[in-house]
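Numbers here are sequence positions counted from 1. In this text, all values refer to a predicted model and were calculated from it rather than measured experimentally.
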Amino acid sequence: MQTHVSHHNHMITVVKNGKLNPDVRLWTGIAAISVAVLTASEFLVQVLLVGARPPLDDDVALVEFMARTANQTLFTILIDTFLMAALLVFLSGFRQLITHTRPDLQWVANIAYGAGVLFIAVTLVGDGLEGATALDTTDLRPDASSLRALTVGHTLMFGSIGCTLNALVAAAAGYVTLASGALPKWTGYIAYSVAVLNVLTVPMMFGGTSPDSFFAAGGAATAMLATFPWLVWVTCVGIVAIRDRRRLEHLSPDVRAALD
């Protein structure tokens, strides 16, 4: 097997058997920025085009709302699907950054990656439930009780269930960041803060479903205390990864030996 390393604009391109391996830091950063852009787009669609949901016990208003916003809801889910794909690339790249520097921390990095993949799966299931509320009003006679049940189901997935998994991702990520030195320590401290905030948001599942309540399940408190800080951490890691792409001399001796 023929291996050599070439330098292009402070990035390493490893050539093995004539094939170029993608720069993990560059793609981790691109994925993180994609997550940020797609999340912002999804938020704008949700706020400007979908709007606030009526109370779940107002059958007439609920059916009318779901029917009126069906296409916007499906568009939001489309954005979220691409967002989850970008998040998967980010999680894979983050794990690689850690295990390249400290192979002995792979099991902890795997916890962050596994919890992140499970978060993606739960989110996509939630998207399926939310999408069902839109499809149920398209060329069909909508049933308010079905719409209510689907809405409550995806509210928990996007809320407390997702926060629990995000807390595990952030806690494991914070530990491996500080222990490995693969990324600046301040990103590890941000990850720990994100983990704490997500844990504090989990009890919101007992806050009811009122759209006017700040502490409702899946309400504004979840977005501000859990989702937004999580997005800040992902974006920070992505920016650092692009800015700090490693040269060969900065790699650990074990990694350099593997490339020789």
Side-chain angles (χ1 to χ4, degrees), residues 34-88 118-166 197-198 200-232 234:
S34 299
V35 169
V37 171
L38 290 169
T39 302
S41 302
E42 184 178 352
F43 176 77
L44 290 176
V45 171
Q46 192 70 31
V47 171
L48 300 179
L49 300 181
V50 177
R53 168 185 57 77
L56 291 178
D57 57 356
D58 189 340
D59 291 354
V60 175
L62 183 64
V63 170
E64 191 277 332
F65 172 81
M66 296 295 186
R68 176 172 51 83
T69 61
N71 289 332
Q72 296 93 317
T73 298
L74 292 174
F75 184 58
T76 302
I77 293 169
L78 179 63
I79 296 174
D80 206 37
T81 303
F82 286 103
L83 193 160
M84 292 299 110
L87 182 57
L88 182 59
L118 186 55
F119 168 78
I120 291 172
V122 167
T123 300
L124 292 177
V125 172
D127 283 338
L129 295 178
E130 186 173 19
T133 64
L135 294 177
D136 194 49
T137 63
T138 306
D139 299 327
L140 295 172
R141 180 179 296 175
D143 177 55
S145 60
S146 297
L147 296 176
R148 183 164 55 247
L150 291 168
T151 301
V152 171
H154 75 67
T155 296
L156 282 178
M157 289 182 174
F158 295 150
S160 297
I161 296 174
C163 291
T164 302
L165 295 171
N166 276 345
L197 289 173
N198 273 266
L200 292 176
T201 310
V202 172
M204 301 297 176
M205 65 189 302
F206 299 103
T209 61
S210 173
D212 299 324
S213 174
F214 181 77
F215 297 104
T222 300
M224 293 182 63
L225 298 178
T227 305
F228 179 71
W230 160 264
L231 177 61
V232 169
V234 171

Which heavy atom of [X] sits nearest to which heavy atom of [Y], and what is that distance?
X	Y	value
L225	P229	O-CG, 3.3 Å
P54	F65	CD-CG, 3.4 Å
V202	C163	CG2-CB, 4.1 Å
L150	A132	CD1-CB, 3.7 Å
T138	A70	OG1-CB, 4.2 Å
V35	L87	CG2-N, 3.7 Å

In this structure, are over 12 heavy atoms from other groups packed under 6.0 Å from F214 atom CZ? yes

With a 4.5 Å cut-off on side-chain heavy atoms, are [Y] and [X] touching?
X	Y	result
L74	L135	yes
V125	H154	no
T137	L147	yes
V50	R53	no

Can you tell me how far [atom2] of [Y] sits from [atom1] of [X], rounded to the nearest 0.5 angstrom?
X	Y	atom1	atom2	value
N166	W230	CG	CH2	4.5 Å
D80	L124	CG	CG	7.0 Å
L44	T39	CG	OG1	11.0 Å
D136	M66	CG	CE	9.5 Å
M224	T201	CE	OG1	11.0 Å
T69	E64	OG1	CD	8.5 Å

State whether the side chain of [X] and the backbone N or O of [Y] hold a donor-acceptor pair below 3.5 Å, judged by distance alone.
X	Y	answer
S213	T209	no
S160	M205	yes
S146	P142	no

Does the pair I161 and F119 meet the rule for a side chain to side chain contact (heavy atoms under 4.5 Å, CB included), with working shown? CA-CA 8 Å; I161 296 174; F119 168 78; over 6 Å; no

State whether R148 and D59 are salt-bridged, where the test is any N-O pair (Lys NZ or Arg NE/NH1/NH2 against Asp/Glu carboxylate O) under 4.0 Å. yes

